[in-house]
Amino acid sequence: MKHTFFQQTFFGYVAVAAAVIALMSAVFFVAVRASISSWNADRKEDFETILEPVIAQSYRLAGELSPDHMERALNPYLTDSFYIYIFDMEGNPVLLIEDGKRVTQQEVEAHSGALSSFIAFNPPAEIYDGTQVIAYLLVDNIDFLAYKANRIFLSTMEKALAIGGTGAILCILILSLTSASALSRKTSAISDSIVSFSPDKETPLPENTGFEEFDRITQSVQMLRQRLRAEANLRRQWMQDISHDLRTPITAVQMQLEGIADGVLQPTPERLHTLFSELKHIERLVCNLQDLSRFESPEMQITPLPVQPELFLSNLYDRFSYAAGIKQIQFSCTAQPDTQGHLPQPFNADELLLQRCVSNIIQNALQHTQEHGAVSVTLTQEGSSGARSTVIRITNTGSISESDIPHIFDRLYRGDKSRSTEGNGLGLSIAQAIVALHNGTISVRTLPKTEKDAQRVQFSVHLPS
């Protein structure tokens with residue numbers, strides 16, 4: 001059975017308060033019992049201290065343990081609140097006094113049981129005449145509650161405790177009800193805002209609730225709203241870009257096929273080659289979208305294996321040196337030593353995916369580098385032996401707008417708004433997804449122009465060891 005937040009909070013407060021009251025009552029009861037026991041022990045010790053010299057003096061005056069003589073000597077100290085038992089050296093009772101009067105052994109045993117058993121549980125004190133033991137004394141207060149004043153005191157304490165406990169319970173119930181109601185209202189307000197909130201609609205959220213946890217919830221909801229709004233905008237932009245990128249080649253293919261079907265255009269090899277190129281462009285776009293979706297899927301896993309830096313760079317050079325030569329672009333792939341002069345060592349990665357990641361960046365660099373420019377790929381390793389990382393930097397001459405840098409890895413984003421350049425805006429998004437699969441980072445920056453070097457753009461891929 002589920003309970004509301006109000007119910008759980010209210011009953012939680014009440015349960016904690018009840019436990020605290022029960023614990024305090026138990027502590028009070030134990031403390032009172034301990035105080036009574038201590039009071040009785042102190043009274044007994046006081047009586048023994050007072051009566052022992054009196055009994056010893058009676059013994060010296062009478063020359064023996066005379067019951068009558070001892071009774072007269074003890075008479076000034078007799079009250080109805082304690083008993084006095086005096087025994088001789090053999091343990092036989094000499095004088096038994098209860099409630100301020102002399103009693104027989106039979107009367108004592110009638111309510112206390114066998115006197116020998118009573119003595120076994122209550123060892124008597126020794127009475128000395130000098131250094132000689134002459135008798136044994138057993139004296140004790142009847143009980144703390146035997147005194148009327150003590151009974152009144154305890155009764156008053158019990159009443160005060162009952163009144164205080166009742167008042168505390170009422171206060172706790174009121175405070176719990178008030179606090180639980182306030183918390184319930186705040187949670188209901190936050191819950192209603194979350195249920196009714198929409199990325200495209202400014203639903204007001206409670207602010208400054210007075211509780212740090214609730215404020216964090218509202219802040220998280222606000223951040224989620226902003227993120228969903230950004231995702232919604234990106235999705236709309238994505239659909240527009242996909243529609244544009246697909247519509248253009250599809251329209252071109254459709255128009256030319258209609259022209260050929262109507263006899264207006266001739267199916268020449270050149271025209272068929274153009275149609276085939278448009279279809280290949282559509283195929284590449286669809287494949288890239290499929291790959292990006294697969295790379296960004298939570299189910300996507302990779303198996304890193306040792307990668308040889310020299311072989312990795314050699315494959316990149318063989319793949320792009322011809323295309324760079326056609327555009328008269330200087331292209332290089334080199335392994336750079338670290339600060340200690342050590343060349344890069346084998347590192348763990350999915351080599352095929354990493355080749356595609358770096359290839360996409362190189363292809364983008366070649367596309368945006370003018371003739372007689374330069375594109376360089378360097379691989380080095382940085383950090384200590386315990387936290388060493390592999391860094392791949394792709395640098396090309398040219399520049400990139402500062403407004404484009406935050407969006408450079410967005411899906412289907414192109415700095416060329418006219419979308420007249422080659423590509424479909426997915427290459428760098430795929431590169432970023434592949435780096436994320438390796439738990440690495442990718443970044444881009446514009447290097448300042450110097451006297452030696454022209455302005456350059458640099459992509460950096462950091463892979464943990």
Side-chain angles (χ1 to χ4, degrees), residues 6-55 71 73-86 95-104 107-115 117-125 136-182:
F6 169 79
Q7 292 174 328
Q8 293 185 356
T9 305
F10 177 75
F11 290 119
Y13 283 154
V14 172
V16 172
V20 172
I21 291 176
L23 179 61
M24 293 180 63
S25 299
V27 171
F28 176 80
F29 176 78
V30 172
V32 169
R33 298 305 305 173
S35 298
I36 291 176
S37 298
S38 177
W39 186 88
N40 289 333
D42 292 342
R43 291 282 292 178
K44 177 181 179 181
E45 185 177 350
D46 292 341
F47 289 150
E48 289 177 351
T49 303
I50 294 173
L51 298 181
E52 284 178 3
V54 175
I55 296 172
E71 185 178 3
L74 295 173
N75 188 61
Y77 306 99
L78 299 181
T79 67
D80 59 356
S81 62
F82 65 94
Y83 61 85
I84 300 174
Y85 299 159
I86 301 175
L95 179 64
L96 303 176
I97 298 177
E98 290 183 353
D99 298 333
K101 60 183 180 179
R102 192 169 176 178
V103 295
T104 65
E107 291 175 329
V108 172
E109 291 180 345
H111 61 76
S112 298
L115 199 56
S117 300
F118 184 78
I119 295 173
F121 287 102
N122 300 275
Y136 295 96
L137 171 65
L138 187 59
V139 60
D140 201 356
N141 187 59
I142 295 176
D143 190 60
F144 178 83
L145 298 177
Y147 296 93
K148 183 178 181 180
N150 293 343
R151 291 195 299 271
I152 294 174
F153 170 75
L154 284 182
S155 176
T156 303
M157 291 290 293
E158 290 173 355
K159 292 179 181 178
L161 180 63
I163 295 173
T166 303
I169 291 174
L170 292 176
C171 290
I172 289 169
L173 290 175
I174 295 173
L175 290 175
S176 299
L177 182 62
T178 303
S179 178
S181 298

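Source: prediction; values computed, not measured.
In this structure, Asn122 and Leu138 approach most closely via the heavy-atom pair O-CD1, 3.3 Å. The minimum heavy-atom distance between Leu95 and Glu71, with the atom names listed, is CD2-N, 3.9 Å. Closest approach of Glu48 and Pro53 over heavy atoms only: O-CD, 4.5 Å.
Among residues two or more places apart in sequence or in another chain, the side chain to side chain donor-acceptor pair (under 3.5 Å) test is passed with Glu45 by none. By the salt bridge (charged side-chain N to carboxylate O under 4.0 Å, His left out) test, Glu98 pairs with no residue at all, sequence neighbours left out. Every residue meeting the side-chain contact (heavy atoms from CB on, under 4.5 Å) condition with Thr104, not counting sequence neighbours, appears here in chain and number order: Gln106, Glu107.
Separating the CG atom in Leu51 from the CG atom in Leu74 is a distance of 6.0 Å, to the nearest 0.5 Å. Note that CG of Leu96 is 11.5 Å distant from OH of Tyr83, once rounded to the nearest 0.5 Å. Summarising the geometry, atom CG belonging to Leu137 is positioned 7.0 Å from atom CD1 belonging to Ile84; distances are rounded to the nearest 0.5 Å.
Side chains of Tyr85 and Ile97 form no contact here, defined as non-hydrogen atoms less than 4.5 Å apart.
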